[in-house]
**Student:** 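Take a look at the following structure, please.
Sequence positions, counted from 1, serve as the residue numbers for this chain. In this text the structure is predicted, and so the values were computed from the model without any measurement.
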Amino acid sequence: MIAGIMRVFLFLSAALSIFVTTAIVYILLRDSWPFFMQIPLTDFLFGTMWTPVFADPQFGVLPLLLATLQTAGLAMLIAIPFGLTMAIYLSEYAKPAVREVIKPALEMLEAVPTVVYGYFALLVMTPFLQQFVPGLKGINLLVPGIILGIMILPYVVSVSEDAMRAVPNGLREGAYALGMAKWQVAVKVVIPGAFSGITAAFILGMSRAVGETMVLAIAAGQNPNLTWDPREGAATITAYIVQMSLGDVAHGSLAYQTIFAVGLLLFLITLFFNVVGFYLRRKFREVY
């Protein structure tokens, strides 16, 4: 009887996650559909002006999208090389006692509230970098991108290191028997063997960076600005959602519906990264 109850409980738990995901998709589609009935999809995706609350509203989401991808890209430029290097060190070089200290300490970064990261970026990192980066404005995309890279570093390091440690020691020993140095074993044996797990770490980090809110709302600004210069400020998709969710726009208005339109776009971006990650894991997964 207990086994039957547990089976029902586990089934309901799994079904709940599917129900929640389906409900989110349904709400996004339901509330964004009236917006797309009035604004052509091409104008939404390729328009270069985003001013939904102005007297002459424009609904080109490209400024928000570009700022979002810029900050996420900057974050990955920080997280991928540093995260992979740290994962290699923890997996292949660090002694067990050192690993048991460094890894939990690194994962403690996940416990820091994102608001703290946001004000740290605005009040500490930006003034510091302004001494070295000419033309860096007080509100910019560069510093939030760097802070996002630091924020997602624990995800990348932890998942990558777990994947590397899952590679059988027999492969390492065979490589050592062939005369490979330790760094060659790490690069030519361990990383290829753990490639699917490392890819999952990168995709997880990218999804986390794309969906981050408070750091970008505080330090990147809330002005939709189509720019390729990370030294300037610009609103991201998440920052815009925060700005418009404060209750300043009428419920059911076209400006209100933009919240769900850009939310749907953000959902599709995250879904895309997860599908790519799933494909790469299936294609390159090694079963030992």
Side-chain angles (χ1 to χ4, degrees), residues 50 63-90 94 98 101-161 201-202 204-246 266 269-270:
W50 182 261
L64 301 181
L65 179 60
L66 181 59
T68 300
L69 296 180
Q70 272 188 278
T71 52
L74 288 170
M76 296 310 293
L77 288 177
I78 299 294
I80 288 178
F82 287 100
L84 190 58
T85 301
M86 295 175 69
I88 292 174
Y89 170 73
L90 291 175
V98 176
V101 172
I102 293 179
K103 191 172 181 182
L106 183 64
E107 292 175 347
M108 281 296 292
L109 291 174
E110 301 176 18
V112 178
T114 57
V115 174
V116 175
Y117 278 115
Y119 281 105
F120 176 75
L122 180 64
L123 302 177
V124 180
M125 284 295 295
T126 295
F128 174 75
L129 288 181
Q130 282 178 327
Q131 303 176 49
F132 306 99
V133 181
L136 183 66
K137 297 183 178 180
I139 297 294
N140 59 84
L141 296 174
L142 177 62
V143 175
I146 295 173
I147 296 300
L148 280 182
I150 297 173
M151 288 179 58
I152 66 177
L153 200 58
Y155 298 94
V156 175
V157 175
S158 181
V159 177
S160 297
E161 193 261 346
F202 293 163
L204 176 64
M206 187 66 178
S207 300
R208 179 72 174 83
V210 168
E212 174 53 37
T213 303
M214 292 311 300
V215 172
L216 300 173
I218 294 171
Q222 298 184 3
N223 178 35
N225 179 25
L226 183 62
T227 177
W228 291 95
D229 189 350
R231 297 174 300 176
E232 298 182 8
T236 61
I237 292 177
T238 52
Y240 172 78
I241 293 175
V242 170
Q243 179 186 8
M244 297 299 288
S245 300
L246 298 178
L266 186 64
I269 293 172
T270 306

**Student:** Starting at CG of Leu69, measure out to CE of Met76 and round the result to the nearest 0.5 Å.
**Tutor:** 12.5 Å
**Student:** Which atoms form the tightest heavy-atom contact between Ala217 and Ala239, and what is the distance?
**Tutor:** CA-CB, 3.9 Å
**Student:** Heavy atoms only: give me the nearest Gly149-Ala79 pair and the separation to one decimal.
**Tutor:** O-CB, 3.9 Å
**Student:** Any donor and acceptor pair, going by atom type alone, linking the side chain of Thr68 with main-chain N or O of Ile237 inside 3.5 Å?
**Tutor:** yes
**Student:** Can any side-chain N or O of Gln130 pair as donor or acceptor with the backbone N or O of Leu136 at less than 3.5 Å?
**Tutor:** yes
**Student:** So which atom in Ala209 and which in Ala75 form the shortest heavy-atom distance, rounded to 0.1 Å?
**Tutor:** CB-CB, 4.1 Å
**Student:** Within the side chain of Gln243, is there an N or O that forms a donor-acceptor pair under 3.5 Å with the backbone of Ser245?
**Tutor:** no
**Student:** Is there a donor-acceptor pair closer than 3.5 Å between any side-chain N or O of Gln70 and the backbone N or O of Trp228?
**Tutor:** yes
**Student:** Tell me if a side-chain donor or acceptor on Arg231 pairs with a main-chain N or O of Pro134 at a distance below 3.5 Å.
**Tutor:** yes
**Student:** Could you list the residues that satisfy ring pair (Phe, Tyr, Trp, His ring centres under 6.0 Å) with Phe82, not counting sequence neighbours?
**Tutor:** none
**Student:** Restricting to non-hydrogen atoms, name the atom on Asn225 and the atom on Ala234 that form the minimum distance, rounded to 0.1 Å.
**Tutor:** O-CB, 3.5 Å
**Student:** Is there a side-chain contact (heavy atoms from CB on, under 4.5 Å) between Ile139 and Leu122? Walk through the geometry before answering.
**Tutor:** CA-CA 7 Å; Ile139 297 294; Leu122 180 64; 3.6 Å; yes
**Student:** Could you check if a side-chain atom of Leu153 sits within less than 4.5 angstrom of a side-chain atom of Met86, using non-hydrogen atoms only?
**Tutor:** yes
**Student:** Before giving the answer on side-chain contact (heavy atoms from CB on, under 4.5 Å), spell out for Leu65 and Ile269 the whole-Å C-alpha distance, their side-chain angles and the decisive distance to 0.1 Å.
**Tutor:** CA-CA 10 Å; Leu65 179 60; Ile269 293 172; 3.4 Å; yes
**Student:** Between Tyr117 and Met214, does the side-chain contact (heavy atoms from CB on, under 4.5 Å) criterion hold? Intermediate values first, please.
**Tutor:** CA-CA 8 Å; Tyr117 278 115; Met214 292 311 300; over 6 Å; no
**Student:** Compare all side-chain heavy atoms of Ile102 with those of Tyr89 and state whether any distance is below 4.5 angstrom.
**Tutor:** yes
**Student:** Report the distance from atom CD1 of Ile147 to atom CG of Leu142, rounding to the nearest 0.5 Å.
**Tutor:** 10.0 Å
**Student:** Using 0.5 Å steps for rounding, measure from the CG atom of Leu216 to the OG1 atom of Thr114.
**Tutor:** 9.5 Å
**Student:** Just verifying a value: how many Å separate Leu106 CG and Ser158 OG, rounded to the nearest 0.5 Å?
**Tutor:** 8.0 Å
**Student:** Check whether Thr126 reaches the backbone of Ala121 with its side chain - one donor and one acceptor, N or O, closer than 3.5 Å.
**Tutor:** yes
**Student:** State, with a plain yes or no, whether a side-chain heavy atom of Asn140 is found less than 4.5 Å away from one of Val133.
**Tutor:** no
**Student:** What is the minimum heavy-atom distance between Pro63 and Pro224, and which atoms define it?
**Tutor:** CB-C, 4.2 Å
**Student:** If every non-hydrogen atom of Pro104 is compared with every non-hydrogen atom of Val101, which pair is closest and at what distance?
**Tutor:** CD-O, 3.6 Å
**Student:** Apply the side-chain contact (heavy atoms from CB on, under 4.5 Å) test between Phe202 and each candidate in Val156, Ile152, Val159; give the one that qualifies.
**Tutor:** Val156
**Student:** Counting only N and O atoms by type, is there a donor-acceptor contact under 3.5 Å from the side chain of Thr238 to the main-chain atoms of Glu212?
**Tutor:** yes
**Student:** To the nearest 0.5 angstrom, please state how far the CG atom of Leu148 sits from the CG atom of Leu74.
**Tutor:** 9.0 Å
**Student:** Verify side-chain contact (heavy atoms from CB on, under 4.5 Å) between Leu226 and Leu66, making sure each step is shown before the conclusion.
**Tutor:** CA-CA 7 Å; Leu226 183 62; Leu66 181 59; 3.6 Å; yes
